[in-house]
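Chain naming here is simple, since letters A, B, ... match the order of the sequence lines and numbering starts at 1 in each.
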Amino acid sequence: MPYIKFLPLKATEVTITRNSMEHIVIIGNGIAGVTAARHIRKLSDKKITLISAETDHFFSRTALMYVYMGHLRWTDIEPYEHWFWEKNRLELKKAYVDRIDTDAKALYFSEGDALNYDKLIIATGSVTNTFGWEGLELDGVQGLVSKQDLDALEKNAPNKEICPSAVIVGGGLIGVEMAEMLRTRGIAVSMLVREDAFWTNVLPNGEAEMISRHIKSHGVDLRHNTNLDKILGDENGQVRAILAKETGEEISCKVVGVTTGVKPNITFLKDSGIETDKGVLVNRKLETNIKDIYAIGDCAQQREPIGNRPPVEAVWYTGRMMGEALAQTICGNAFEYNPGHWFNSAKFFDIEYQTYGWVFSEQRRKEYEQHFHWKHEDDTKCITIAYHKDNQKFLGINTFGIRLRHEIMDRWLTEEREVYYVMEYLRDANFDPEFYDTYEAEIVSKFNSEMDTNIKPKKKNWKRIFSY
Amino acid sequence: MNATNNNMSLTGEPPKALNTQQKMATFIGLAGLAILFLAMFNLDFPNKAIWLTVSLVSIAVGTIWFAKAAYLNKHEGIKNDGVYFKSISSKGLWAWVLGIAMTLFYVVLYWFPAYLGLVKEGDNQGVIALFDPLSKQLSGNPASQWFLYGTLYTLAILAFGIKFIWKYRHNRYEILRTISVMFFQLSFAFIIPEILVRLNQPYYDLKNIWPLNYDLFAGYKINEFLGAGNIGLIMLIFGVLSIFVITPILTYKFGKRWYCSWVCGCGGLAETAGDPFRHLSDKRQSAWKVERWVIHSVVVFVTVMTTAVVFSYLRGNESESISKWSNLDDKMVVISEPEGKPIGERILAAQEAGAKSVIFLLKDASEKPPVIEKTEGITIKYGVVSQADNQPVLKRIEEGQDAALTATDGTSFIVQKGADVKQYDNSLISKEFFVWGVIIVLTLIFSWVMLFKRQELAKDAKYGAIGYFAVVISILLFTYYSSPGKLFFFDAYQLNKAYGFVIGSIFSGVIGVGFYPIFGNRVWCRFGCPMAAILGFQQRMLSKFRITVNGGQCISCGNCSTYCEMGIDVRAYAQKGENIVRSSCVGCGICSAVCPRGVLKLENGPLEGRIDGNEILLGNDVDLMTLVNRK
Ligand SMILES: Cc1cc2nc3c(=O)[nH]c(=O)nc-3n(C[C@H](O)[C@H](O)[C@H](O)COP(=O)(O)OP(=O)(O)OC[C@H]3O[C@@H](n4cnc5c(N)ncnc54)[C@H](O)[C@@H]3O)c2cc1C
Ligand code: SF4
Ligand code: SF4
């Protein structure tokens, strides 16, 4: 069962923890803040307070959609039972931090009270990014980031009688989730996408087009090359339609979902003296410009981007990894945030997506990057492998409808294997459930015919899989 | 996990309505059920075979059509939309109606079969009579309440099995294991036993393994097996091998899922008809604590009960145990144990019990015939017969022919055709051997765990194991040394009856199935089934099976935990990058199916590194990972 195991403290840590009942205050009880808190608790006895204005308890933001779709209840998306917090002496405070006084080391809440800290971790996450369109203030215009957004959607789009149709602006991960949510209640959904296929700033074209077709097959009116002009309201201040820029067409709707990305949630920091740009600027130790103040998760921005990673990484895993690293630093074991190979995953209606390493879209493709692409004839599975055109080194892989083993991918990237090796041992990497059809033979034969090679895929081998 | 914090107070009307086809299908299915109901209230159907067929076919067609309308017009994929909005699957009114109806059915079935129309002597009535034609087709006998139950049970697994297959048609693991449970239910559980009866063989569902089949070693069952000659003996041996040899091997290779999700009938019903309720299992840690105590207590109960039952069966087979209550009216009694209570006293006891004559069968020709002492008061005929000298005669007696045995002193014992012969002292093992065998096996298992698997048990589990072990062993030793045929203060027969009532009927039937819509579909498998506990123990300790967690890919969404019918908090492991190696996991594969990030894979792999917890997950700094994850 999910007990936290207390690691034996090393001698140095014992001295640190004994001398002080340092108060660590964390703003934000998302994955970044909670991971930091859990690890600090494992390593030390410090007093820890977690603050959030959103909910009493940590929940999985990634699972908001499942509550609206009726797959899960709210309690199901809370990863820890409520006794967990007290048992691990993690104090919770539900309040909104208005202002930080970094000299007095104090937080001031909009409720009027204040709190002192010895060390402060800013983990305030993201808010919906908008582009200042006309009509954003109308009732029924909303994003999907917070619990409050979920409640708003339940109110704005409870069913197809009250909300016969909705428009989603922007085609990213949250956009497609919102489309799926609304479709489960039979609501007609139009989705406006700037590019000529879904998410082409991230996905190579073959994949983007396949996902576009899949989204349409779920009854979504997906409009490529279409921008929002403005949102139109009725006399009650309620959305009634949107205007598309290119065609001038009016699409009537009761809900407008704004899913044109997210941006760090840092407005409350503006006069605090903490340096910000898009997000809170941090160095590799996740320290801000002010001593004893750190930032992690969606709201943090690396002064120097790490490898190919964007300076603001708004994904679950990076928030968690920053929390893991920072906890070490705070407990006296200075560690830089030094993430390993990039990975991520998502699901587009019924198609699962995983990525390991870097596979860039056409727009962002590096000049040395070459792709091999395979798509199954049923149009729900495909893979793209990126490799270096000069030395054939494996750079990354995207898969749709096929699961891969993280360990193996990570290992091959570390070992800088050639793409031929990847092809030969692809079966070791398959992570689909037992008895599933496998496609390695087909994939490799396409590779062979395109690359004029003669690779024979090796049988799956447990020894190799566990040889680390 | 009870408060639904989901703000549904407004006019929210999520997708829960039935489409037209589903409504029609429901009507057909209910019409089929209505026929059964009318029959129950003694509406006399003229042509029973036809009406029964109409009823069963309607139920099947209704269910299957409903499923078709629900799934086949949609994309392949996870179909959990609105699960928490529908009354039937979210403990709403319909859930309670269904739960209460099923519970009532079980109560009637177990304790008031007369209301279903069961008539002990004479023709059945009511709904059981409706099943007579089918039963006669299969076994040649009229139906009983169990036949009715078995038929409906099988029908449910088949019809809802098709529903399940369509629901998960993108997932071949789910399809194959469902076909497997459908097959085992239809053949092993339903048809084959009936045919065995028709062939005058013991009723035996080969896949129903002790201790799930807690009656397998009950005295009457052993007599039935032994009475059926070679086939019976093979069945009995198969029953013993099933639990001690076949089961451990398969569980080692595949985990307990080979049984719980591929073969078992209880599991079969839970996975098919019970599938819409799988998310109702309680995931709280407190539920897990209750689970561990309850299920292991059931294991102790069934072990002690079975040991007691076999022990008292073996004791009953000893001529020493003959007393005036032995009910030997007009029987010829054969004994063959020279040691112990004086033979004369045993003969006297047989005489008091009404025996006609007593023979001491001398099995070993090299031994001297015993001197029969303490003969005063004996009025019936007795003597010593050498087995070696009477071989052909003994065979005739076995075949029920007329025969005459010749005693060592020359007198002869005439056995008339079909005469009642009661044999003692003829079981293969003695009760001492048996009890010590059980004690030794338990001690070996316990020591193996404590010596080699200690580090895999949490502290409380260790204490629990020691406690349970001490309890079982002391009960057994106590039994062994206390003379009357009792176990502590319970009689073995009473113990068996109590087990059958509390565990076999109330737990597995009424609560286990009747409460599907309230507690979820695997309550019995999780809290009550001793078979699952034993398989699970092995799965945890010695098996290649695990659910591998895919590095750092988990997003803690909670789909896996929610849809785990065994109430395992899968997410708690997944978000730590720790493989799921839990004794209760039945390997249904649903957690893996519903995971939107491809994090979980059920697989059989090397034992090494099967259980590994990670503090820092894959994807982070390798230095940090090695530093912190080092154990
Ligand atoms: C719908 C959706 C789906 C997603 N799906 C995925 C996915 O599949 N995979 C993936 O990798 N990522 C996904 N993400 C992104 C992922 O959820 C985020 O990267 C992650 O939750 C960020 O965690 P965090 O701890 O940095 O911040 P958050 O989880 O945003 O937590 C910040 C908390 O701080 C609180 N807060 C902010 N300011 C204040 C203040 N001044 N006072 C008090 N409290 C404050 C906020 O209310 C919030 O509760 C998804 C995001 C959304 C919205
Ligand atoms: S852990 Fe997964 S496979 Fe095991 S019982 Fe639960 S849902 Fe089924
Ligand atoms: S393992 Fe999958 S289903 Fe379970 S919490 Fe993680 S992402 Fe969700």
Find the one option among [options] whose heavy-atom pairs under 4.5 Å with chain A are most numerous.
options                                : result
B:Ser592, B:Gly589, B:Ser90, B:Gly552  : B:Gly552
B:Val83, B:Thr562, B:Asn559, B:Ile78   : B:Asn559
B:Ile175, B:Asn604, B:Val594           : B:Asn604
B:Gly605, B:Ala593, B:Gly558, B:Ser556 : B:Ser556
B:Ser561, B:Gly598, B:Gly609, B:Ser89  : B:Gly598
B:Glu174, B:Arg257, B:Lys74            : B:Arg257

Measure [X] against the heavy atoms of chain B and call it side chain, backbone, both or neither at under 4.5 Å.
X        : answer
A:Leu150 : neither
A:Phe59  : neither
A:Phe335 : side chain
A:Asp432 : backbone
A:Ala157 : neither

Residue part contacting chain A, namely of B:Glu76, when any heavy atom lies under 4.5 Å:
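B:Glu76 touches chain A through backbone heavy atoms alone.
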Honestly, the part of B:Leu617 sitting under 4.5 Å from a heavy atom of chain A is both
Counting distance only, does the side-chain N/O of A:Arg183 pair as donor-acceptor with the main-chain N or O of A:His218 below 3.5 Å?
yes
Whether the side chain of A:His214 engages the backbone of A:Asp350 through a donor-acceptor N/O pair (distance < 3.5 Å, no angle test) should be reported.
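Yes.
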If you draw the axis of the six-membered ring of [Y], does the NZ or CZ of [X] fall within 45° of it and under 6.0 Å from the ring centre?
X        : Y        : value
A:Lys147 : A:Trp74  : yes
B:Arg610 : A:Phe466 : no
B:Arg284 : B:Trp288 : no

Counting heavy-atom pairs under 4.5 Å with chain B, which one of A:Glu434, A:Met322, A:Gln354, A:Glu352 comes out on top?
A:Glu434
Top of A:His39, A:Glu336, A:His341, A:Arg320 for chain B proximity - count of heavy-atom pairs under 4.5 angstrom
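With the most close heavy-atom pairs to chain B, the winner is A:Arg320.
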Ring centre gap for A:His406 and A:Phe343 strictly below 6.0 Å
yes
May I ask you to check whether B:Tyr563 and A:His71 place their ring centres under 6.0 Å from each other?
no
Going by atom types only, do B:His75 and A:Ser217 share a side-chain donor-acceptor pair under 3.5 Å?
yes
May I have the step-by-step check of ring pair (Phe, Tyr, Trp, His ring centres under 6.0 Å) for B:Phe545 and B:Phe254, ending in yes or no?
CA-CA 6 Å; B:Phe545 172 70; B:Phe254 307 113; 9.8 Å; no
